[in-house]
There are 2 protein chains.
Amino acid sequence: MNTNKNKTLIEIGNNIRSLRLSRNLSQEQLAFEVGLHRTYIGAVERGEKNITILNLIKIKNALNVSMSQIYIEREE
Amino acid sequence: MNTNKNKTLIEIGNNIRSLRLSRNLSQEQLAFEVGLHRTYIGAVERGEKNITILNLIKIKNALNVSMSQIYIEREE
DNA sequence: ATGTAGACTCAAGTCGACC
DNA sequence: TGGTCGACTTGAGTCTACA
């Protein structure tokens, strides 16, 4: 559907995925803790969705990490 | 409309506002640089809108600050 | 220069199903 | 367990206008 995958979103998604995996959580478990849908978490991890800040904060809290571990700023 | 103003969104909005002001930018100028609408920037500053991560990144870049200056994490 | 309001569009986010 | 699809609802984001 969305071939229009943004680089930043892909990075964020990859970070969420590896953090989730390192916690031994399934997408379903993370979705449940965060109160989002399982298919949506999947889409975010694949960088297909431009997540809102409040939901991103919920995810980072569920993963018990700081924002800088999910969104890594580069010098520009 | 939205009496349901979230504390985190209000904080983010306040931070954006004071950062914008310290740059001597109007909402209109910031909106133009970021490619968002002036009325929307206003709503974000008032904490009325749950902005998406990509737009938040655009704003922080336009203000030339790091994410941690806009979204301040508290220990929990 | 900003707040608010209303009407609008389209993407965020839900949900159930199947592979 | 995770990807994808389709139909759906809600809310992000636009735009014009007026105070």
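Numbers restart at 1 for each chain; the letters A, B, ... are given by sequence-line order, proteins then strands.
- Taking atom CD of E45(A) as the reference point, atom P of dG3(D) lies 7 Å away to the nearest angstrom.
- In this structure, CG of N55(A) is placed 16 Å from P of dT10(D), rounded to the nearest angstrom.
- Atom-to-atom, CZ of R46(B) to C1' of dA12(D) comes out at 15 Å; the value is rounded to the nearest Å.
- The separation between L30(B) atom CG and dA1(C) atom C1' is 13 Å, rounded to whole Å.
- Side-chain nitrogen and oxygen atoms of R17(A) include none within less than 4.0 Å of the OP1 or OP2 phosphate oxygen of dT1(D).
- For L36(B), taking side-chain heavy atoms from C-beta onward, the closest of the listed nucleotides dT14(D), dT2(C), dG3(D) is dT14(D).
- A donor and an acceptor atom sit less than 3.5 Å apart, one in the side chain of R38(A) and one in the base of dG3(D).
- Within the model, atoms CD1 of I41(A) and CG of L25(A) stand 10.5 Å from one another, a figure rounded to the nearest 0.5 Å.
- Side chains of T8(A) and E11(A): a donor-acceptor N/O pair is absent below 3.5 angstrom, by distance only.
- Residues L21(B) and L9(A) both approach DNA chain C. Their nearest nucleotides, taken by heavy-atom distance, put L21(B) toward the 5′ side.
- Regarding Q29(A), its CD atom lies at a distance of 8 Å from the P atom of dG2(D), rounded to whole Å.
- In this structure, the nucleotide among dT4(C), dT4(D), dA12(C) sitting nearest to the side chain of N50(A) is dA12(C).
- How far CD1 of I70(A) is from CG of L56(A): 5.5 Å, rounded to the nearest 0.5 Å.
- Along DNA chain C, the nucleotide nearest S26(B) and the nucleotide nearest I51(A) are compared for position; the residue whose nucleotide lies closer to the 5' end is S26(B).
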Q: Let me see the working for K58(B) and N55(B) under side chain to side chain donor-acceptor pair (under 3.5 Å), right down to the final yes or no.
A: CA-CA 5 Å; K58(B) 282 187 208 156; N55(B) 283 335; 3.2 Å; yes
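- When heavy atoms are screened at a 4.0 angstrom cut-off, T39(B) is found touching base atoms of the nucleic acid.
- Annotation for L54(B) and N50(A): closest pair N-OD1, 3.2 Å, computed over non-hydrogen atoms.
- Close to dT2(C), at under 4.0 Å from its OP1 or OP2, lies a side-chain N or O of R20(B).
- Rounded to a whole Å, the NZ atom of K49(A) is 10 Å from the P atom of dT14(C).
- We find that CG of N6(B) is positioned 11 Å from P of dA12(D), with the value rounded to whole Å.
- Between the NE2 atom of H37(A) and the C1' atom of dT9(D) there is a distance of 14 Å, given to the nearest Å.
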